[in-house]
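Residue numbers start from 1 in every chain, and the chains themselves are labelled A, B, ... in the order their sequence lines are given, proteins ahead of strands. Keep in mind that this is a model prediction, so the values were computed, not measured. Every heavy atom of this structure was used, including side-chain atoms; hydrogens, water molecules and symmetry mates were not.
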Amino acid sequence: MSQQPSEEAEELTPNDRQRQLIDSTEGIYLVDAGPGTGKTFAVTRRYANIIDQPAVDPEDVLLVTFTRSAATEMKERIVDHADYSMRQLADAPIQTFHSHCHDILREHGHAAPSHLGLDGRITGSTQVIEDELVETKLFREFFDQFRDDHPEYADFYRALSTPTELLELVGELAAKGVFPTAEGWYRDGEAILDGDFAAFKERFDAVNQPRNGGSKQSQLRDGLSRFGRNKTYLPDAPSKSDLRGSRGTKQLDDAVARDVFEEDRTDLKAFVHDLYFEYLAFALQRNYLNFGFLQLFAFVCLCENPQLREKARFEYVMVDEFQDTSEIQFKLALLLAGTDNLCVVGDWKQSIYSFQYADVDNIIEFRDRLASFAADLNSDADRVDFDMDAIERIPLEENYRSTQTLIDISEEALVTPATSSEEVDTSILDDVVNLNSNAPFDNTTLAGYQHEDDHEAVLSLVQDIVGNDDYAVRGDDGSRRPPRYEDIAVFTRTRDFGRELMDIAAVYDFPIAYDGGVELFRTDPAKLLLAWLRILDSDADRGWAVVLEQAGYTLDEVDHILETGDYPETMRTFRDGLDSMAAVGAIARRVFDRYGCDGDYADVILHTIQAIHDSTTLTRGELIQFIERGIEAGATHEIHTSAGEDSVTVQTIHAAKGLEYPIVILANMNDGRFPPSSGNSPTISYQDPVGLRQRKLYAEIDDHAHPHVYHNWRYDVLRKCLPREYDEERRLLYVAITRAENHAFFVGGDDPNTFLEELPVALDQIDPVVEAVDREATAQAELPFAVRTPDGPIGHTPHSLMDDSVFDDAGESREVSADPDGEARGIDFGSRVHDFAEAYALGEDVSPSNEHERRIVDLLDGLSGELHVEEPVVLPLDVDGERVTISGIADLVHVTADTVEIIDYKTDRTRHAQPEYRKQLSVYYHVLSEWFDGCRVNAAIFYTSNGNREPIEPLSLADLRAVVRSQMPS
DNA sequence: CCGATAAACCTTTTT
DNA sequence: GGTTTATCGG
């Protein structure tokens, strides 16, 4: 284990640089130092040093940490070295920004909303919403109301893929310090939304330089070689050749920069403003705040109230993990600093939380940002009044964790190309302080392995490592000893891979524990609870099927019982007992009791239900909906399992931050790119430095007067000027490697990614042979994971009947990919959505209980001639007595008294003229014909591009049946 | 070197 | 549906 920042810290002596940081308590200090250099160790000692001064009390010192658990750990370490007890430090401000903001608001926040022109008040009873799902639910409720109140923004609603993207936008703006007021925007908020042309122009110029000494076109011009392809722009867009110049032109005209930047965004800003402001009002009225709003209101009242500022200030401010702070947090730190005794500690190379609004420039550009943020804050009042010219940088160059070989390879990772064509700027290595290892010996192994069974390869590697003297690690006394299971950590980028690995490890009885977030609603206790709720709700087959299967009934028996409704007596009695209970929490507890679910999962589920129950009233139907959404969204909850005595740890790289292990296996370096393709961007987003932009537009110009979604050509050009950087992916790799003390292994599958090939590491083949582990002999820990039962043939098991995500996944993957073994399965049997649509269409007494069903209702209720745009459509069709369901999104469904028209616009000729898409259209066509008997049904797919429309013909019913039949499982 | 086409891919997580 | 890389032909 590491020598310095460990539990037995009292025996350790700081090195000279650390001593300098610990002793220099007055003035501004920046420590931007690598992993294992004892930053946290030094901060802890520094804090102890400060509070041991007679004139200083703990309440004079603010120490900010990244997580609550880090705060607790910090306190424990301080107690060891200061003349204070844990009890005396209990209320000391050693906490996260969020919880400190919460404290400020609880005490002084009553009037904070009024500074923005909001009516509400923040009181001691105002709740902080911690659960993302809970907030999503509340936001949806708000948005439904907002949509009704503001029909003038209809064009924006149409372009959205989901309302949740607006919630994300609000969160991002709050982290950037952009707040709405009753009149407009707070302070310089609007300027930030407008963007910064000069800063943009720099980025534009950087990518618009001809390459290879002028012989090769610029990266930007190259990037626009497919401008307008597969897209439709409004007529004001320039043609591709207007934009790029004629063949042989090497760069874009300077005027283009001005043209793309300047766009009338008045309406967009008005929409975002009203949405943001009214959501704040909604939250206050419902008496809750989210994490972002905590910081927002704390910032506002500190800004507006000089007396409070005076009161809230600290004599000393220290921030750990500074690379993970956001812009608003940097500014909060300045407002809270009463003197220039400011100390920030971090490592720019370990900034991997940009999705959480962390801004790595806070640490890289510390000096400039400090000056410019202070100037912003001081523009109209003296808010930050200490001298900030003297900034002392303290380098820490001694690494107490890893061997020199590991340190060197980790730095290589920072300049390893992420794709075969990427040109990495190696000059960043100039900013890397080369660390010196003080490991007592360096027997480092660095190896890469590649095998198609990469899960097995990982386990096989673990087997090979444990007890093997070739991979000796450092014992507590510094001597060599053979490795144990507990010395090894397996890091993955995705939880999914970790869970798969756990499943396979379970087969071999491997001593292995997963640490981190779990998709709670996809666990067995949640599924059982959902099943019983559905039974209570409507005696639903999907509920009974699960319960019966769980009780051991065979599929045939289940079928029979469902058909006859002859449920076992004990189950009926249990149901009736549940039915008499009012509170959903009590129902859940009773269900878990019945099945003996007393583990971590059940606890967290109960806790979650309790949490939503506290903030909203919760009926059974709403709980069903909540769990269904949780399943759909893959919502995760942290599970704290006791790690066990001697077991391998599996965790995501993100979760491993701050930890260290003798041996690290970086798994899952396969399946194409380690840096994933960027995927779908939100329709409305904020991006530095171009400000607030809209990706898609909505307008009505079409020969047939059909509305259509258009792309924003300016946005398409703008984002090519801000090319995707893989720096954060490299930093992720860096973080993973630097967790290791002694050995690092990299394992990839069939198709290894570029990192695995480009890292200067020996790449070997591995022949995975995994043997069952004798757990008696090794005294294993309990597996924290239940082994998942295989899903079986999709569409047939009760589990798949009730699990919407299975239905969705299945529908998607099977729709587009032909099974290589020729066993194509193109059929979805019995989805609940299907049943609902059918029942509703037949006029039965049913009401919608989820998003899909509401949309079906919208679709069918549209007979008056309403126009529905971008509506998901789920339609059933019988083929040879088998039910076929197809789901998708049609661009336009137009229903009048005597016609039904459905139109799907496609943009990609090479893909969308394929039979699969024609089949999709054909199903729409024939089903609508059945539903709307007597109506004239038109259905069409158009290939559209720059105003052209080419119809794609549907299949005849006979051809459709043939296609569907050929895809059925035999 | 440039443009067109085909094919593969689709996170991470804390407050 | 959208984005990115690989590949091929001129």
Select one nucleotide: of C:dT3, C:dG2, B:dT12, the one nearest the side-chain heavy atoms of A:Phe355. B:dT12

So CG of A:Asn208 and CG of A:Leu220: to nearest 0.5 Å the spacing works out to 5.0 Å

Distances for protein N/O vs nucleotides 1-4 of chain B N/O pairs under 3.5 angstrom?
| residue | atom | partner | partner atom | Å |
| --- | --- | --- | --- | --- |
| B:dC1 | OP1 | A:Asn212 | ND2 | 2.2 |
| B:dC2 | OP1 | A:Gln217 | N | 2.9 |
| B:dC2 | OP1 | A:Lys250 | NZ | 3.0 |
| B:dC2 | OP2 | A:Gln217 | N | 3.4 |
| B:dG3 | OP2 | A:Gln217 | NE2 | 3.2 |
| B:dG3 | OP2 | A:Arg244 | NH2 | 3.1 |
| B:dA4 | OP2 | A:Lys240 | NZ | 3.2 |

Can a side chain N or O of A:Ser99 be found less than 4.0 Å away from OP1 or OP2 on B:dT15? no

Between B:dT11 and C:dT4 - C1' atom distance, rounded Å: 16 Å

Looking at every non-hydrogen atom in both residues, tell me the closest pair between A:Leu252 and A:Leu243 and how far apart they are. CD2-O, 3.4 Å

Expressed in angstrom and rounded to an integer, what is the separation of A:Phe322 atom CZ from B:dT14 atom P? 21 Å

What does A:Phe66 touch in the nucleic acid at a heavy-atom separation under 4.0 angstrom: a base, only the sugar-phosphate, or nothing? sugar-phosphate

From CG of A:Leu659 over to P of B:dT13, roughly how many Å is that when rounded to an integer? 13 Å

Which nucleotide sits closest to the side chain of A:Gln356: C:dT3, B:dT15, B:dT12? B:dT15

To the nearest 0.5 angstrom, please state how far the OG atom of A:Ser685 sits from the CD atom of A:Glu168. 11.0 Å

Donor-acceptor pair, side chain of A:Lys250 and main chain of A:Ser215, under 3.5 angstrom: yes

Aromatic ring proximity, centroids under 6.0 angstrom, A:Phe227 and A:Tyr233: yes

Could you tell me the separation between the CD atom of A:Gln350 and the C1' atom of B:dT13, rounded to a whole number of Å? 16 Å

Out of C:dT4, B:dT13, B:dT11, minimum distance to the side chain of A:Tyr726 belongs to C:dT4

So that I can tick it off, tell me whether A:Arg695 and A:Asp716 are bridged by a salt bridge, with the cut-off set at under 4.0 angstrom between side-chain N and carboxylate O. no

Tell me: CG of A:Asn712 to P of C:dG2, nearest whole Å? 13 Å

Side chain of A:Arg493 (C-beta onward), nearest among C:dG1, B:dT11, B:dT15: B:dT11

OP1, OP2 of C:dG2 versus side-chain N and O of A:His711: anything below 4.0 Å? yes

Applying ring pair (Phe, Tyr, Trp, His ring centres under 6.0 Å), can you list everything that pairs with A:His654, at least two apart in sequence or on another chain? A:Tyr353, A:Phe355

Please state how far atom CG in A:Leu732 lies from atom C1' in B:dT11, giving the value in whole angstrom units. 9 Å

Is A:Glu130 side chain donor-acceptor paired with the B:dT15 base, going by distance under 3.5 Å alone? no

Round to the nearest Å and state the distance from A:Phe227 atom CZ to C:dT3 atom P. 13 Å

Within the 6.0 Å centroid threshold, strictly below: A:Phe322 and A:Phe330: yes

Expressed in angstrom and rounded to an integer, what is the separation of A:Phe297 atom CZ from B:dT15 atom P? 22 Å

Nearest whole Å is fine: how far is B:dT15 P from A:Ile129 CD1? 17 Å

Listed nucleotide nearest any side-chain atom of A:Arg695, set B:dT12, B:dT15, C:dG2: C:dG2

